[in-house]
Structure formats: structure tokens, C-alpha cells
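This report concerns only the one structure given below.
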Amino acid sequence: MAKARKAGDRELAAAISALRKPTVAVWAAGLLARRRPKEAQSLVQLGEALRTAHRTLDAGQLRQLSHDQHVVIQELARTARALAVEAGQAVSEPVLHEVEQILHAVLADPDVAAQWMAGRLVKAPDAALGFTGLEPAPGAAAGGPARRTCQGASTAAGSGCRRAGGAGTA
């Protein structure tokens, strides 16, 4: 904006000043994507792998990738904080937590990941509660036991309960 004003381009200066400015957390997360593109791409790939594991209901993969998710997000959030400090911007604990939330959203939503990688986030995405657009792959079977349905007020020791989709008591 200062360069535009100095050059006498008032319209450009006004357009630049009208742009939305990102929060510190969004800026720090974006700084991470710009300065550490390999790590950023690895996070996006981890999100893709997690979505695939969810779609195929692969319990072993989900366990491993969930563990990796927590480790990678904490590491990348600390890296974003360090990059921000190097750039002269302090990052408080609440801001660091918001950076972690942004990175979770990057994992969960491919659209958010694309915006983040392109440097287009101006506000923190809504909190990620799960992965978007997931439906089990054709032929994927749940690995857990059959769900129980209970009838009546008493559920003690299986009374009134039976397996969903099957006959008999549990």
C-alpha cells in the first residue's frame, strides 16, 4: 500500500487497504505454507491418507495416521510460531492453539487445504469436526462388532437388548 501511495496510485492504494487482513494465526499458518512448502505438502498428503483410511474403514491405518496427525500438527504449529517470531511477530498460546485448529482444518477439508497452500486464507476456517465428503468406499465393511439396540428402560446385563439386524438376545 505504501508503495502504491508513494507512486501516486490512489486507486491501487485504496484497493490494497480494502483487502481483508488475516488474523495473526492465519498469517502464521500461511507463513508456514510459504516458507516450508515440503512440510505443508506433507500435511496435505497426510489429510488425503486419513480421508482414504476413513473411507475404507481401515482401523490399523486410522490408528497410525491419527497418531501421526497429532505429532505433525504440534510440530508444524511450533514451526509456524518460530517463523512468526523470526518475522518479528510474537505468537501467544491462544494464537498457537488457533494455528493448530487451522492445521486440523487443512487435514480435514481439501478445499481449506487448497486455500492454505495457495495463501488464500484470510480467516480461520470453522473448527474441523471430522473429514468432509466421506462415505465408505464400495465394499468397505465396518471392522467393529454389530451395533446393539436396546428396548425398554432396562439395559442391565443385556436384558431387552439384541444385535441390530439379527435375532436373539445379546
Side-chain angles (χ1 to χ4, degrees), residues 1-140:
M1 182 172 66
K3 287 181 184 179
R5 281 190 182 148
K6 189 175 180 179
D9 193 341
R10 289 184 181 196
E11 285 184 37
L12 179 59
I16 291 170
S17 70
L19 293 173
R20 293 186 65 171
K21 280 113 184 123
T23 65
V24 173
V26 170
W27 174 80
L31 187 63
L32 173 69
R34 286 188 307 280
R35 298 262 177 95
R36 298 288 197 276
K38 288 182 183 176
E39 290 92 335
Q41 186 59 44
S42 292
L43 181 67
V44 172
Q45 289 171 343
L46 177 59
E48 291 168 0
L50 276 162
R51 283 188 296 280
T52 298
H54 274 274
R55 271 192 297 276
T56 60
L57 303 173
D58 186 334
Q61 274 290 92
L62 282 171
R63 271 190 298 280
Q64 180 60 49
L65 293 171
S66 292
H67 170 73
D68 293 350
Q69 166 188 339
H70 296 295
V71 171
V72 168
I73 284 181
Q74 286 179 348
E75 183 179 312
L76 289 178
R78 285 191 302 266
T79 300
R81 176 187 241 172
L83 290 170
V85 169
E86 285 175 16
Q89 176 65 54
V91 174
S92 65
E93 286 301 316
V95 171
L96 183 64
H97 179 71
E98 189 175 349
V99 169
E100 290 174 354
Q101 294 303 110
I102 292 167
L103 297 177
H104 277 287
V106 166
L107 278 177
D109 188 332
D111 293 334
V112 171
Q115 290 175 7
W116 177 66
M117 290 291 291
R120 301 282 184 234
L121 284 181
V122 291
K123 66 180 188 106
D126 294 332
L129 298 176
F131 291 93
T132 61
L134 287 186
E135 295 178 8

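We number each residue from 1, following the sequence as shown.
Atom CG of D68 sits about 4.5 Å away from atom CD of Q64, to the nearest 0.5 Å. The distance from atom CG of L103 to atom CD1 of I73, rounded to the nearest 0.5 Å, is 5.5 Å. If you take CD on E98 and OG1 on T23, they are separated by 4.5 Å, rounding to the nearest 0.5 Å. The OG1 atom of T56 lies 7.5 Å from the CD atom of Q61; values are rounded to the nearest 0.5 Å. Here the NE2-CD distance, from H104 to Q69, works out to 5.5 Å after rounding to the nearest 0.5 Å.
The two residues A113 and V44 have their closest heavy-atom pair at CB-CG2, 4.0 Å. Between V99 and A28, the shortest heavy-atom distance links the atoms CG2-CB, 4.1 Å.
At least one side-chain heavy atom of L46 sits under 4.5 Å from a side-chain heavy atom of L107. The closest side-chain heavy-atom distance from H54 to L62 is below 4.5 Å.
No donor-acceptor pair closer than 3.5 Å links the side chain of W116 to the backbone N or O of L121.
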Review item, side-chain donor-acceptor pairs of residues 86-97, under 3.5 Å, at least two apart:
unit_1 : atom_1 : unit_2 : atom_2 : d
S92    : OG     : V95    : N      : 3.4
E93    : OE2    : R81    : NH1    : 3.1
E93    : OE2    : R81    : NH2    : 2.9

Side chain to side chain donor-acceptor pair (under 3.5 Å) between Q115 and D111, intermediate numbers included: CA-CA 6 Å; Q115 290 175 7; D111 293 334; over 6 Å; no

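Annotation: salt bridge (Lys or Arg N to Asp or Glu O under 4.0 Å) contacts involving residues 22-43, sequence neighbours excluded, are absent.
Considering L76, I102, L43 as possible partners of L32, the one that fulfils the side chain to side chain contact (heavy atoms under 4.5 Å, CB included) test is L76.
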